[in-house]
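These notes are about the structure you will find just below.
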Amino acid sequence: MTVVDNQRSVFRFAPSPNGRLHLGHALSALLNQDMARAADGRLLLRIEDIDLSRCTPEFETAILDDLTWLGVSWEEPVRRQSQHLGEYRQALQKLIDLGLAYPAFMTRGEVKAYVFETEQHGRPWPRDPDGAPIYPPTDRERLATDRERLLADGCRHAWRLDIAKATAKLGRRLTWTETGHGPKGHIAARPEDWGDIVLWRSDAPSSYHLSVTVDDALQGVTHVVRGLDLFHATAVHRLLQELLGLTAPVYHHHRLVLGADGRKLSKSAGDTALAALRARGLTSADVRRLVGLA
Ligand code: GLU
């Protein structure tokens with residue numbers, strides 16, 4: 001018999017198997033484990049593998065191997081996002097039924113051309129907190145008849161959230177509780193800074209924002225511990241939680257481990273890959289020291 005314990009805190013580490021783990025992931029995984037232990041909580045592992053063009057089973061095996069070497073242990077079963085597309089699809093349908101999502105037909109190239117064209121005329125085009133151009137209004141403003149014709153013709157499309165309509169429907173400002181290494185306390189969420197975020201992609205099912213929000217709720221996650229690079233994305237997750245009627249966890253965005261060049265580590269960062277450190281004979285205790293957790 002499985003006893004579900006509703007009282008204990010639930011933490012999760014959620015890597016994407018599109019490369020090897022590096023020191024930044026080690027900090028995240030170890031901090032999740034330390035915080036879960038301190039709270040007498042549970043630690044879950046979620047493999048975020050919806051982007052099938054970049055994720056491989058080999059990287060997943062390597063991640064499990066690196067985590068075991070680090071001394072991180074998690075509750076089974078591991079959740080793999082690729083096995084739960086139906087749940088994300090249901091969440092998307094709910095947003096479509098609420099009239100808050102629209103089919104988006106522009107390709108990356110068309111968005112780029114639109115932004116270039118606009119900026120050629122001296123008007124700077126707004127960027128999201130990650131520096132990517134906000135999605136142009138073309139598809140949002142399309143006539144219903146035009147939209148239906150394109151869908152009937154089978155035109156390739158993504159689904160995007162009408163952020164202005166969604167925030168207006170909510171009618172109040174959102175906040176989240178933050179305990180991390182950046183700003184703390186009740187943080188005012190500004191989902192509108194992201195423009196019409198993608199909910200479902202044309203080249204991969206679901207989107208990071210939609211699946212992470214649905215999963216954290218379905219898995220009963222109470223504490224999200226992840227890097228400060230995802231701090232601003234939390235505004236979008238809070239909005240989706242409210243629209244979908246999901247509960248909000250507490251967030252703890254931790255400092256990032258930077259490379260020798262002062263930049264965020266990337267999956268291809270060879271000498272900070274855990275596999276490379278392990279091959280050089282370092283131990284899990286050495287990694288703790290390297291990421292400042294000793
Ligand atoms: N899968 C994301 C990554 O590897 C992390 C998502 C999250 O923790 O919310 O960067």
Side-chain angles (χ1 to χ4, degrees), residues 10-33 35-36 43-56 59-60 62-64 66-67 70 72 74 78-85 88 91 129-130 132 176-182 187 189 191 194 197-199 201 204-241 246-258 263-269 272-274 291:
V10 180
F11 293 73
R12 65 16 169 220
F13 177 57
S16 301
N18 56 11
R20 296 297 301 250
L21 296 187
H22 54 57
L23 282 175
H25 299 105
L27 172 59
S28 229
L30 290 168
L31 196 55
N32 264 291
Q33 171 146 293
M35 290 177 70
L43 177 60
L44 310 179
L45 177 64
R46 184 165 76 226
I47 298 293
E48 303 211 321
D49 60 348
I50 31 178
D51 187 348
L52 302 172
S53 64
R54 296 171 62 217
C55 296
T56 69
F59 281 136
E60 181 187 318
I63 286 175
L64 301 184
D66 284 342
L67 288 175
L70 262 188
V72 173
W74 55 88
V78 171
R79 183 178 174 94
R80 286 180 190 80
Q81 289 190 324
S82 58
Q83 295 168 350
H84 296 273
L85 300 181
Y88 314 135
D130 281 348
W176 78 84
T177 305
E178 176 68 49
T179 62
H181 299 154
I187 309 292
W194 291 89
I197 53 123
V198 67
L199 296 167
R201 291 170 47 180
S206 198
S207 72
Y208 160 66
H209 293 307
L210 187 64
S211 38
V212 85
T213 306
V214 168
D215 280 347
D216 283 339
L218 288 183
Q219 293 191 284
V221 171
T222 57
H223 293 74
V224 169
V225 179
R226 61 185 179 192
L228 269 168
D229 51 338
L230 290 168
F231 183 87
H232 293 291
T234 310
V236 171
H237 304 165
R238 282 292 297 116
L239 176 61
L240 290 174
Q241 284 156 4
L246 308 173
T247 51
V250 168
Y251 289 88
H252 183 98
H253 291 95
H254 61 73
R255 64 189 157 73
L256 299 177
V257 179
L258 302 178
R263 294 165 70 111
K264 195 183 129 185
L265 300 180
S266 77
K267 285 257 163 88
S268 52
T272 58
L274 299 185
V291 298

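Every number for a ligand or one of its atoms is a count from 1 in the order of the listing.
- When only interatomic distances are considered, the shortest N/O to N/O separation between Ala14 and ligand 1 falls below 3.5 Å.
- Contacts between Arg12 and ligand 1, counted as non-hydrogen atom pairs separated by less than 4.0 Å, involve the side chain only.
- Counting atoms of ligand 1 from 1 in the listed order, those under 4.0 Å from a heavy atom of Glu48 are 1 (N), 2 (C), 5 (C), 6 (C).
- In the vicinity of Val212, heavy-atom distances shorter than 4.0 Å reach the ligand 1 atoms 9 (O).
- Within the 4.0 Å heavy-atom shell around ligand 1 one does not find Phe13.
- Residue contacts with ligand 1: His25 is placed with no nitrogen or oxygen under 3.5 Å of a nitrogen or oxygen of the ligand (distance criterion only).
- Partners of Arg255 by side chain to side chain donor-acceptor pair (under 3.5 Å), not counting sequence neighbours: none found.
- A donor and an acceptor atom, one from each side chain of His237 and Thr213, are nowhere located under 3.5 Å apart.
- Applying the ring pair (Phe, Tyr, Trp, His ring centres under 6.0 Å) test to His232 and every residue at least two apart in sequence or in another chain returns nothing.
- Screening Leu246, Leu44, Val224 for a side chain to side chain contact (heavy atoms under 4.5 Å, CB included) with Asp216, the sole residue that qualifies is Val224.
- Taking every heavy atom of Tyr208 and a limit of under 4.0 angstrom, the matching atoms of ligand 1 come to 6 (C), 7 (C), 9 (O).
- Looking at Arg226 and His253, their side chains do bring a donor and an acceptor atom within 3.5 Å of each other.
- A donor atom on one side chain and an acceptor atom on the other are found under 3.5 Å apart for Asp51 and Ser53.
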